[in-house]
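Single-structure report; data block below.
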Amino acid sequence: MLQPRVKASKCLVSAFKRVFRPSLQVWARRRCNVAAIMPEAAGFEGVSDHNNLQEYSVSNSESFWAAAARQRLSWIRPFHTVHDCDLSRGKIRWFDGGKLNVSVNCLDRHVHACPERVALIWEKDEPGSEVKVTYRQLLEMTCRLGNLLRRRGVRRGDVVTIYMPPCPLAVASMLACARIGAAHNVVFAGFSAQALADRIRDAQSSTVITVNQGVRGGKVAELKRTVDTAVHSCPTVQQVLVAMRTENPVAMTAKDVAMEEEMLQEDVVCEPEAMDSEDILFLLYTSGSTGTPKGLVHTQAGYLLYAALTHRYVFSYHDGDVFGCVADIGWITGHSYGIYGPLANGGTTVLFESTPLYPDPGRYWEMVQRLKINQFYGAPTAIRLLLKYGDRWVQKYDRSTLKTLGSVGEPINTEAWEWYHRVVGDGRCTVVDTWWQTETGGICISPRPSGPDAEIVPGMAMRPFFGIKPAIMDPEGNVLASNHASGALCLSQPWPGMARTIHNNHQRFVETYCQPYPGYFHTGDGASRSEEGYYQITGRLDDVINVSGHRIGTAEIEDVVNQCDAVAESAVIGYSHEIKGEGVYVFVVLKKDVEVDEAELSRQLNVMVSKKIAKYACPDCVQLVQGLPKTRSGKIMRRVLRKVAERDFNSLGDLSTLDDPAVVQKIIQGHRDRSKKEQQQQTP
Ligand code: WTA
């Protein structure tokens, strides 16, 4: 009975092949092409190039992300639900039912495959003194530290605050938290004691990890002393683990633990916790439009998958490449592309401790030559700064290993983009201007992935990543469907890397990101879409400014300025700054009978802001005014102040709703007098 059937079916197959051979070949080629673009997508029907892979990832997001999660992550238990999200309520869940451990994904599986591969290259402040750490060594360090934290009472779900410069022990600290199920809260080591204390208190951390001293640009920073001051006002803190970055001893208190000494007593094997996909991996504080920074929460599986996938495909990272992200670990870029993305991919990643100007403006490129960096990822502010020093600092060094150059954190102007491309990349590297946020967890809009020859327009983030569907909104909340549109940038559907909530304040998360355009994720940025459908980011639409690529809320600075004895009220705004992108401009109304000149007030405010927030947030300009432009209901009209700071006096717009329109002319006059004085001081 079977025989004829087989025969018949064989006949049928050959007839089918004769008729359909050409299309079968096309189909086979399509499968083959898509596997070359992204092996995870090999089974997707009808996908042949980047464009339709992107379309597929958006319209079949479940099957896209399921395939990616199964293939790219190692699971202890598989997930049963790909996603369960309701953006309008801020409910975001990915890979429910799944269990995994992030440190196992970043370390153990690579140690099994290639233990001696270099995981980290610590580019210390002193040039030429890099330290290489293999996957085996990093796992050992992480396990010892995981055991130490466990022995000292840190439990699953606790939040550990890390106040350290980029160094292998900082990475091991983050991964040790992940190993034992604690969440980490890395605070940028440039933040002041008060900013650190605010973050420790909000996170309710009982453990802080730090170093005795930091070293940056040849200068020593007393980080342990800053932690001591912060901890005074943090009753939750029970212990401070102190690693030794320099050989200089520091005063130790009863709470302090000599970290490296104690680590040596620990075992090199540390049982990883089986974490649920939606357990917290970390908190990271960032500025919003109110005075209080928000602790954005990222969870395990979705974040790691998104960081890994974007790292591989945006930068075209291949096994054996050396990835050089120069962002500090205290920012999301350091988390996703300094650590988690590269390590999840088994890559080699550089931890940069120094500054672009130390010991000279050739630092980045000397490092590229010495470490043979293949992908370099930096900030426009540094590019703008370096281009001022001229091409010779770049051309001195061999940059032939470079393949991709990335930019992040703020819009990159065409001049800086062109210089990056032409001089740094010798005109042959792919430049990717990547748009994303602490909230998005990873890159959402970028020129790549796309076909290797696909067009890249200078200074444009261009194309949404797989699974990302941007929408541009008008002020009434209508989606602008056509090309050649500009408005508020929203993301129309959830993606695995997005933040889940704000620590201790889900209501603020919903109000900030979900309610402004119900059903959409509101980014706070403006964007335009060109005729060709490419995206360009135009900047923040809220009261957040971007100084040297660092976010800061104007309200945070105003809070500090208003604490100054001489100040009655103030308004802080951002204005275009040649190097920093945006500078901080402060308009101040003095209290009655107080006499202080602008220079002296500016000195006082600089001290206060660096003490209470960080140096990068210090005012660039302080202008004394008799009154602020306010509406009759008392709201400061910041739009007018922005125009004044930009010297755009002829397009102030409608001033009819101002309580006292005369105030504006006085502010303009004050601004002119100020500029004149500055010019006089500059001319010898
Ligand atoms: C801005 C940094 C223009 C934007 C990863 C965003 C950008 C904020 C770009 C997030 C870019 C980031 N072009 N603007 N390529 N990348 N931004 O949270 O305003 O520190 O909202 O994350 O930086 O800053 P954050």
Side-chain angles (χ1 to χ4, degrees), residues 186-188 190-191 282-289 293-296 298 303 306-307 310-311 314-315 325-338 340-341 377-384 405-414 416-417 420 431-448 456-465 468 470 486 488-491 497-499 502 512-513 521-528 534-554 574 576 580-582 614 616-617:
V186 181
V187 178
F188 171 55
F191 273 121
F282 65 85
L283 311 183
L284 188 60
Y285 283 83
T286 189
S287 295
S289 39
K294 44 198 175 186
L296 284 158
H298 282 282
Y303 169 80
Y306 198 72
T310 46
H311 170 251
V314 169
F315 299 99
C325 168
V326 289
D328 193 280
I329 56 162
W331 311 113
I332 191 70
T333 309
H335 281 56
S336 301
Y337 301 108
Y340 284 114
Y377 196 26
T381 182
I383 307 299
R384 283 192 297 268
L405 300 171
S407 156
V408 61
E410 45 173 326
I412 178 161
N413 49 312
T414 316
W417 192 101
Y420 204 24
V431 176
V432 287
D433 171 13
T434 60
W435 174 85
W436 59 295
Q437 313 176 300
T438 306
E439 291 83 342
T440 69
I443 295 164
C444 287
I445 306 183
S446 128
R448 297 281 190 267
I456 297 184
V457 181
M460 261 197 167
M462 303 200 69
R463 303 179 176 90
F465 188 72
I468 298 293
S486 61
L489 176 66
C490 290
L491 300 172
M498 67 192 296
I502 291 173
T512 311
Y513 304 110
F521 180 83
H522 171 232
T523 69
D525 277 313
S528 63
Y534 302 146
Y535 290 88
Q536 177 156 35
I537 311 303
T538 48
R540 300 287 310 187
L541 298 175
D542 53 12
D543 291 325
V544 172
I545 58 178
N546 198 320
V547 181
S548 305
H550 303 323
R551 271 163 73 162
I552 183 80
T554 53
S576 318
K580 298 180 179 185
E582 275 187 290
Y616 76 85

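Treat the numbers as computed from the prediction; the structure is a model and nothing was measured. Residues: numbered from 1 along the sequence shown. One-based numbering, in listed order, for ligands and for the atoms of each.
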If you count only heavy atoms, which residues are under 4.0 Å from ligand 1?
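Within 4.0 Å of ligand 1, the protein residues are I332, T333, V408, G409, E410, P411, D433, T434, W435, W436, Q437, T438, D525, I537, R540, N546, R551.
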In terms of side-chain geometry, is the basic nitrogen of E410 or R384 positioned less than 4.0 Å from the acidic oxygen of its partner?
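Judged by the 4.0 Å cut-off on N to carboxylate O distance, E410 and R384 do form a salt bridge.
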Is a side-chain donor or acceptor of T523 paired with a backbone partner of L489 at a separation under 3.5 angstrom?
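Pair found, side chain donor or acceptor close to backbone of L489.
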Return yes if some donor-acceptor pair links the side-chain N/O of Y306 with the main-chain N/O of I443 below 3.5 Å, else return no.
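Indeed, once roles are kept as given, a pair shorter than 3.5 Å links the two residues.
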Y285/W331 aromatic ring centres below 6.0 Å:
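For Y285 and W331, the ring centres are not under 6.0 Å apart.
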Tell me every residue that passes salt bridge (charged side-chain N to carboxylate O under 4.0 Å, His left out) with D543, counting only those two or more places apart in sequence or in another chain.
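Only R642 meet the salt bridge (charged side-chain N to carboxylate O under 4.0 Å, His left out) criterion with D543.
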Run the numbers on S336 and Y303 for side-chain contact (heavy atoms from CB on, under 4.5 Å), then give the verdict.
CA-CA 9 Å; S336 301; Y303 169 80; 2.7 Å; yes
